[in-house]
Amino acid sequence: MGFPWYLKPDILLHAEMLDQQDCLTQEAQNSYYRDQAQDKQIAALTKRVSELEQQLFALEALLSEKGILPPLPPEPDKDAPVLFAKRTEELVCCPRCGRKQTGNRDNCYNCGVAFTYESENELHGQK
């Protein structure tokens, strides 16, 4: 005794579904390898941009020493706190690392530089 005709599997439909599954699997693998190749290209380009920036900074310093460009500004003190006008709930950028964060923090969450506020310094009699 076998299955009635309406419960028997359709061999052609099953084969077609297996073909579609194979195609989707192949597309997914190709997409994964494309993504991997793009990630490698992005890493190589990021490294190259960093190298070019370093060369540009060195060239600017050399041209500044020779008097062709105006003197470069002095390097900021890395331990000096950053001064903001007042605490705020709005986003501010850390001047040292450029990370955005709320303007009510005591330190940058990324680089750790201390934040000070003019409004609080005036309340404490400091300038």
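- Across all their heavy atoms, Pro70 and Ser64 have their closest contact at O-OG, 3.2 Å.
- Atoms CZ and CZ, on Arg87 and Arg105 in that order, are 10.5 Å from each other to the nearest 0.5 Å.
- For the atom pair CD of Gln101 and SG of Cys108, the computed distance is 4.0 Å after rounding to the nearest 0.5 Å.
- Atom CG of Leu59 is separated from atom CG of Leu69 by 8.0 Å, given to the nearest 0.5 angstrom.
- In this structure, Cys94 and Val113 have side chains that are in contact, with non-hydrogen atoms separated by less than 4.5 Å.
- Counted within 6.0 Å of CD on Glu90, heavy atoms from surrounding residues, nucleotides or ligands total 12 or fewer; the atom is thus considered open.
- Counting only distance, with no hydrogens or angles, the side chain of Asn107 and the backbone of Gly112 share a donor-acceptor pair below 3.5 Å.
- Smallest separation of non-hydrogen atoms from Phe84 and Cys93: CZ-O, 4.0 Å.
- When hydrophobic clusters are built by joining Ile, Leu, Val, Met, Phe, Trp and Tyr residues whose side-chain heavy atoms come closer than 4.5 Å, directly or via intermediates, Tyr109 is not grouped with Val92.
- Clustering of Ile, Leu, Val, Met, Phe, Trp and Tyr side chains at separations under 4.5 Å places Tyr32 together with Tyr33.
- Distance alone, capped at 3.5 Å, is enough to place a donor-acceptor pair between the Thr46 side chain and the Ile42 backbone.
- Of the possible polar contacts, none joining the Ser31 side chain to the Glu27 backbone as a donor-acceptor pair under 3.5 Å is found.
- Taking CG of Leu83 as the reference point, atom CZ of Phe115 lies at 11.5 Å (rounded to 0.5 Å).
- Within the 4.5 Å cutoff, the side chain of Gln55 has heavy atoms near those of the Leu52 side chain.
- When atom types are taken as modelled, the side chain of Thr116 and the backbone of Val82 share a donor-acceptor pair closer than 3.5 angstrom.
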